[in-house]
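One structure below.
Just so it is clear: chains get the letters A, B, ... in the order the sequence lines come, proteins before strands, and each one is counted from 1.
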2 protein chains.
Amino acid sequence: MGTRERKRREFAEREHRFLDAARDQICQDGLLALQMAKVARSCDYATGTLYQHFASKEDLLVAICAEMAQTRVEFFQRVANWKAPTRDKMFALAVADMLFAHRYPEHFRLSQFVFTEVIWEAASPERRRNTLEVCKPMGLIVHDIVAEAVANGDVQDHGRTPLELSIGQWTMTLGMHNLVHAEGVLDLYELKDPYRMMLTQIQLLLNGLQWRPLFDPFDEPAMSEKINHVCNALFGDMCTAKEQR
Amino acid sequence: MGTRERKRREFAEREHRFLDAARDQICQDGLLALQMAKVARSCDYATGTLYQHFASKEDLLVAICAEMAQTRVEFFQRVANWKAPTRDKMFALAVADMLFAHRYPEHFRLSQFVFTEVIWEAASPERRRNTLEVCKPMGLIVHDIVAEAVANGDVQDHGRTPLELSIGQWTMTLGMHNLVHAEGVLDLYELKDPYRMMLTQIQLLLNGLQWRPLFDPFDEPAMSEKINHVCNALFGDMCTAKEQR
DNA sequence: TCATTTTTTGAATCAGGTTCAATATTTGCA
DNA sequence: TGCAAATATTGAACCTGATTCAAAAAATGA
């Protein structure tokens, strides 16, 4: 009998509904206002049932983050499958992240919170393990692009591992997601259009690595075209009218 | 009569003691375990008195962060006053941050948490304003170094403002502080010595900007010497045996 | 010295996360 | 199909810890 299997599937579906409901509530009223009882109620279950799925509120938050990260991995995957010069692929990863941030504005806000000691340590070990597992492919995709570039001669490795070479791009992207959500900080210096600046800086970093072919990111039309190229080639389904500004 | 003045000073001193005690507790038992009542008790005051200074627990956290940021500004200030080529000064900012992170390992962990929507929005507006005010000089110092470099011809501005040019360094540094505190993430890829990698990537970014004089960060002995030079020139009082590894 | 103002106190209040005994549902078997 | 055992759901009670505020203490100043 497929009863065992059906049970498992229904349980997973319910978990998914809880995650969705929680995400909605966060988008609606903010992280601050998220309440376990409300999440359960909004799915027509009692509080206790929610605790069948998540060991604690923190555990739920981490789970939401992991689910979204899954989608982010899919964005990365598109880049990985793209037949294009390695340098363009590296750049496309940054574009992918920009689009992801645009599409799921709450993700990096949540992610910043979740990777905080307070939340992370309060989630179940099992959940943490799973979350890292979900995120891992992003690193592997980057690894493979860099390794391919080194093999091609597009970039020199100077005896470093692929991730050592590319960690600057990783941290720069991460840092920008953070800065964007640090209310008031960018305003302090009247900085506009942060992700556009990020993409420029990524290109500069790639130039610093002497990653061929070099590219001049201060050439605005060329930059816009490069961005649009990635959008059209990989994310045509979601960003048509995005980078025209 | 200087009574009014004395009152004010004593109040400020007490606030400082509260902040110190809270910081100690965080270092001791972690952010998670911080309790308002314990902070008050440890300074021999009642809970209510603590609330004379801080509108909420979040407000206290933001205040700790602001106080530490003050010290970070002092690190930046040393760099600002240093008579050295602009490129070395930019690099020195990153070194300063590395040393700061080493000296106050809890700062960036706390900072990540504090700039989270949940905490930031729960602090009093007055506190937020003050915190941004405290942080502002860091941006101004960076601004001035870049402006000087542009004036010198050490770097081209391509029509960008100083902070637009240098935001990559800012985000890269911020991102690395975050990554270092994201428990398990660096391990996932067996990445060691993150701040050393950060400094390498900062140099690559500066090369990408064509910031003169160019420098090869893959030349390990030259890198070490550069780092030691900054330590000795600016932070001799705190990092003698640090970057020898 | 004492009425008034200011400050401190900590027990009471409150919010919301978490638990768990009671209840309902499902399963497996005769 | 009926029924005992196993499993799942429920939500009110519990608990922790932040926050409040009436009462008490201390400072002020005339």
Please state how far atom CG in A/Leu50 lies from atom C1' in C/dG16, giving the value in whole angstrom units.
13 Å
Just so I know, are the side chains of A/Ile167 and B/Leu186 near enough to count as touching, which here means a heavy-atom distance under 4.5 Å?
yes
Distance, rounded to the nearest Å, where A/Leu61 contributes CG and C/dG17 contributes P
10 Å
NZ of B/Lys57 versus P of C/dC14: gap in Å, rounded?
21 Å
For the pair made of OH in A/Tyr45 and P in C/dT23, what is the distance, rounded to whole Å?
22 Å
Starting from P on D/dA8, measure out to CZ on A/Arg14 and report it in whole angstrom.
9 Å
Value in whole Å for how far the P atom of D/dT20 lies from CD of B/Gln52:
12 Å
Please classify the nucleic acid contact of A/Leu34 as base, sugar-phosphate, or nothing, using heavy-atom distances under 4.0 Å.
sugar-phosphate
Atom-to-atom span, CE of B/Met36 to P of C/dA12 - whole angstrom:
21 Å
What about A/Phe100 and A/His177, are their ring centers closer than 6.0 Å?
no
Under 4.5 Å between any side-chain heavy atoms of B/Phe76 and B/Leu93, yes or no?
yes
D/dT10, D/dA18, C/dG16: which one has an atom nearest the side-chain heavy atoms of A/Gln35?
C/dG16
Answer with yes or no after comparing the ring centroid distance for B/Phe108 and B/His181 against a 6.0 Å cut-off, counting only values under it.
no
With nearest nucleotides of DNA chain C determined for A/Glu58 and B/Phe11 from heavy-atom distances, which residue corresponds to the more 5′ nucleotide?
B/Phe11
